[in-house]
Amino acid sequence: MENSTRLILGSQTWILLAIMLMMAVLLWRAALGRSPREMLIAGLHAPIQLAAVALVIAWLSNRAGWAFAFLALMFAVAVWISGHRVASTGRWRIAVIRIAIAVVPVAALMFVAGVLPFTALAIIAVLGQQIGGSCRS
């Protein structure tokens, strides 16, 4: 597995995660004066959420059509998150336009130019990053 991109999930991984979570909890409390419980819950929630998404992506790995359905879900979540950052109500339309303008033309050009292969994993990885990045800007 020398050329593998898989993470090694041995005991050292879990020890490192525990140390990093404890450091984050301490910094959260010391630097921001916030409850350590918030960071601890977020830190425990994250690997569960990531594992669930990894299982979905693994299932989608040979299903390019379903990859687009997954991207539509990602797009909807990004619109919801971005729209709520702008205003609590009525701003989702702005988020749709902003994210679509950031993602659709670039994706189309990448497909037409042959830069992005039409495989589920490539589609999810590249376009998912574009959606996520446009949601944060």
Side-chain angles (χ1 to χ4, degrees):
M1 286 249 268
E2 205 170 296
N3 292 327
S4 176
T5 58
R6 294 182 183 177
L7 293 175
I8 300 167
L9 297 178
S11 59
Q12 69 271 27
T13 303
W14 302 107
I15 292 168
L16 179 62
L17 281 171
I19 291 169
M20 290 170 50
L21 180 56
M22 288 302 112
M23 289 173 55
V25 166
L26 292 173
L27 286 170
W28 184 257
R29 178 70 175 155
L32 300 175
R34 309 261 317 254
S35 168
R37 184 173 183 265
E38 295 172 359
M39 179 57 71
L40 190 59
I41 290 171
L44 294 173
H45 177 264
I48 295 167
Q49 181 179 350
L50 289 172
V53 170
L55 288 172
V56 170
I57 291 172
W59 182 81
L60 292 170
S61 65
N62 295 322
R63 297 167 174 90
W66 282 101
F68 284 106
F70 185 68
L71 284 173
L73 175 64
M74 291 176 71
F75 187 88
V77 170
V79 165
W80 184 78
I81 291 169
S82 187
H84 279 74
R85 285 183 182 161
V86 174
S88 59
T89 59
R91 297 298 172 127
W92 65 268
R93 290 177 192 90
I94 294 170
V96 166
I97 293 167
R98 191 179 85 175
I99 295 170
I101 287 172
V103 175
V104 174
V106 174
L109 287 172
M110 291 175 79
F111 281 124
V112 169
V115 175
L116 182 62
F118 198 79
T119 64
L121 292 178
I123 292 166
I124 292 169
V126 174
L127 301 184
Q129 287 178 26
Q130 287 181 304
I131 291 168
S134 65
C135 174
R136 290 179 189 92
S137 57

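Positions are given from 1 along the sequence.
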Whether Ser134 side chain and Ile131 backbone form a donor-acceptor pair below 3.5 Å: yes
Point-to-point distance, once rounded to the nearest 0.5 Å, from CD1 of Ile19 to CH2 of Trp14: 14.0 Å
Is Trp66 linked to Phe111 within one hydrophobic cluster, defined over Ile, Leu, Val, Met, Phe, Trp and Tyr using a side-chain heavy-atom separation of less than 4.5 Å? yes
Going by heavy atoms in the side chains, are Leu17 and Pro47 under 4.5 Å from each other? no
Please give me the minimum heavy-atom distance between Ala120 and Ser61, naming the atom from each residue. CB-O, 3.6 Å
Flag the pair Val25 / Arg37 as yes when at least one side-chain heavy-atom distance between them is below 4.5 Å, and no otherwise. no
Within one Ile-Leu-Val-Met-Phe-Trp-Tyr cluster: Val115 and Phe118, side-chain cutoff 4.5 Å: yes
Atom CE of Met39 and atom CG of Leu32: how far apart are they, to the nearest 0.5 Å? 8.0 Å
Measuring from Thr119:OG1 to Leu60:CG, what's the distance to the nearest 0.5 Å? 12.0 Å
Contact summary for Ala64 and Ile123, nearest pair of heavy atoms: CB-CD1, 4.5 Å
Is any side-chain heavy atom of Val103 closer than 4.5 Å to one of Leu71? no
Would you say the side chain of Leu44 lies within less than 4.5 Å of the side chain of Leu21, judging by non-hydrogen atoms? yes
Consider only side-chain heavy atoms of I, L, V, M, F, W and Y, link residues closer than 4.5 Å, and tell whether Leu121 and Val56 are in one cluster. yes
Same cluster or not: Met20 versus Leu26, using hydrophobic residues (I, L, V, M, F, W, Y) connected whenever any side-chain heavy atoms lie under 4.5 Å apart? no
Start with the C-alpha distance between Met74 and Val77, add both sets of side-chain angles, then the distance that settles side-chain contact (heavy atoms from CB on, under 4.5 Å), and finish with yes or no. CA-CA 5 Å; Met74 291 176 71; Val77 170; 5.8 Å; no
Shared hydrophobic cluster, Phe70 / Trp59 (ILVMFWY, side-chain heavy atoms < 4.5 Å): yes
Report yes if some heavy atom in the side chain of His45 is under 4.5 Å from a heavy atom in the side chain of Ile48; otherwise report no. no
So which heavy atom on Arg29 is nearest to which on Ser35, and how close? NH1-N, 4.5 Å
Heavy atoms of Leu116 and Ala122 approach each other most closely as CD1-O, 3.7 Å
